2 protein chains.
Amino acid sequence: MNIENTKAQMRKGVLEFCILSILSDGDAYPTEIIERMKMARLVVVEGTLYPLLTRLKNMDLLSYRWEESTSGPPRKYYRLTETGTAFLRELEATWDQLVASVEQVTHKSHPTALDAAVPFNPQPAPAPEPGQQPNNHTSTNDNTETL
Amino acid sequence: MNIENTKAQMRKGVLEFCILSILSDGDAYPTEIIERMKMARLVVVEGTLYPLLTRLKNMDLLSYRWEESTSGPPRKYYRLTETGTAFLRELEATWDQLVASVEQVTHKSHPTALDAAVPFNPQPAPAPEPGQQPNNHTSTNDNTETL
DNA sequence: ATAGGTACTATGCAACACATAGTACTAAAG
DNA sequence: CTTTAGTACTATGTGTTGCATAGTACCTAT
């Protein structure tokens, strides 16, 4: 019911893909990554990004170096490793597959094989046999299944 | 590093959208939903689907009724409520936005405004000022930040 | 010295996909 | 009749990650 929660759930696993992709363009430090993603209307907060970068680094997908800044404290520039580059390709394939699957499920894009194979009746036309259980009442919020 | 785990994370929040969408086509019982999604290469397991259906029902997005089966035990047919239909529209918008955002981040689809606004240098060209900290060594797995 | 801005670290929580174990119902087989 | 197999659903615990929150550290300006 909470669309914001669902939005957060949908982002799980996706941010990793986005970060690796950004870094495939070249080194960056966290604030740049945040800005880059905000541009694409993917707002990431620090509590998410820093632990995520650390995890990716611990998995050898990223490396980093410290660099002095002329306008504040030093910055931690991250860079994609070769392992990270390879993993990014896998992520891309995984994401593309997911998008295709969701597209297929939600937009009925392939009515041919899908309709033919699915044992699916849009409306169960036959009423239940009279005199048998369960009693066919549509329970909206009624959890007492009469069975 | 584990692509299977990332795949599972990516699915979070998405399955809800798929299920509501399937039910927008008409009533269905769990096995039908599983089959429908398997057709789209979205393999969902019972331990995921049943609790999810229950959650959606508890949120008034679904209703259900029992129906006798001629080939086994009775089945629980789920149906989208009006609330569910409205929420499905929100989910669709949310998903589309996410896809668009990821597309933008990962494929650099908008080089104009994106490149102009992002304080992002692909390669920090200037070497760090000599004689200053931190010592600029690229730490691959070296966690001892000399700072 | 203090304040403000920037950058990073640490920690706990909620939610959900998944794995696993179990119960219940029906039809077929012995 | 009982047992077996297949189908359908329920219950519960775990691991992972986005998010919220609190805190530390560094640099510059006042």
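What you see is a predicted model; the values in this text were computed from it and never measured. Every chain is numbered from 1, with letters handed out A, B, ... down the list of sequences.
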So A:Phe17 and B:Met10, do their side chains get closer than 4.5 Å, heavy atoms only?
yes

Take the protein atom CG of A:Asn58 and the nucleotide atom P of D:dT17, then report the distance between them rounded to whole Å.
12 Å

Measure from CG on B:Leu49 to P on C:dA19 and round the result to the nearest Å.
14 Å

Please state how far atom CD in B:Glu4 lies from atom P in D:dT16, giving the value in whole angstrom units.
14 Å

If the cut-off is 4.0 Å, is B:Asn5 near the phosphate of D:dT17, judged by side-chain N/O to OP1 or OP2?
yes

Measure from the side chain of A:Lys76, starting at C-beta and using heavy atoms only, and say which of D:dC9, C:dC8, C:dA24 lies closest.
C:dC8

Would one find a side-chain N or O of B:Arg75 under 4.0 angstrom from OP1 or OP2 of C:dA24?
no

Within 45° of the six-membered ring axis of B:Tyr64 and under 6.0 Å from that ring's centre, is NZ or CZ of B:Lys76 located there?
yes

Extract from the structure each pairing of a protein N or O with an N or O of nucleotides 19-21 of chain D at less than 3.5 Å, listing the distance.
{"residue": "D:dC19", "atom": "OP1", "partner": "A:Arg11", "partner atom": "NE", "Å": "2.8"}
{"residue": "D:dC19", "atom": "OP1", "partner": "A:Arg11", "partner atom": "NH2", "Å": "3.3"}
{"residue": "D:dC19", "atom": "OP2", "partner": "A:Arg11", "partner atom": "NH2", "Å": "3.2"}
{"residue": "D:dC19", "atom": "OP2", "partner": "A:Thr48", "partner atom": "OG1", "Å": "3.4"}
{"residue": "D:dC19", "atom": "N4", "partner": "A:Gly47", "partner atom": "O", "Å": "3.2"}

Between CG of A:Leu53 and P of C:dA7 the distance, given in whole Å, is 14 Å

I need the CD-C1' distance between B:Glu67 and D:dT7, as an integer number of Å.
15 Å

Side chains of B:Ile19 and B:Met37: closer than 4.5 Å at any heavy-atom pair?
yes

Please give, in whole Å, the distance from C:dA14 P to A:Gln9 CD?
13 Å

Quick check on C:dA17: is either OP1 or OP2 less than 4.0 Å from any side-chain nitrogen or oxygen of B:Arg55?
yes

B:Arg79 versus B:Leu23: any side-chain heavy-atom pair under 4.5 Å?
no

Rounding to an integer number of Å, can you tell me how far B:Tyr50 OH sits from C:dA17 P?
16 Å

Could you tell me if B:Gln97 and B:Ser101 have a donor-acceptor pair between their side chains, going purely by distance under 3.5 Å?
yes

For the helix from C:dA1-D:dT30 to C:dG30-D:dC1, what angle separates the axis at the start from the axis at the finish, each from five pairs, in steps of 10°?
20°

In chain order, what residues pass the side chain to side chain donor-acceptor pair (under 3.5 Å) check against B:Glu92, with sequence neighbours excluded?
none

Show me, pair by pair, the donor-acceptor contacts under 3.5 angstrom made by side chains of residues 43-55 of chain A, not counting sequence neighbours?
{"residue": "A:Thr54", "atom": "OG1", "partner": "A:Tyr50", "partner atom": "O", "Å": "3.0"}

What is the nucleic acid contact for A:Thr54, judged by heavy atoms within less than 4.0 Å: base, sugar-phosphate only, or nothing?
nothing

Of all the nucleotides listed (D:dA8, D:dC26, D:dG15), which has the minimum atom distance to the side chain of B:Lys12?
D:dG15

Whole angstrom is fine here: how far is it from OH in A:Tyr78 over to C1' in C:dA7?
11 Å

Would you please name every residue forming a side chain to side chain contact (heavy atoms under 4.5 Å, CB included) with B:Glu82, sequence neighbours left out?
none

Side chain to side chain donor-acceptor pair (under 3.5 Å) partners for B:Arg89, two or more places apart:
none

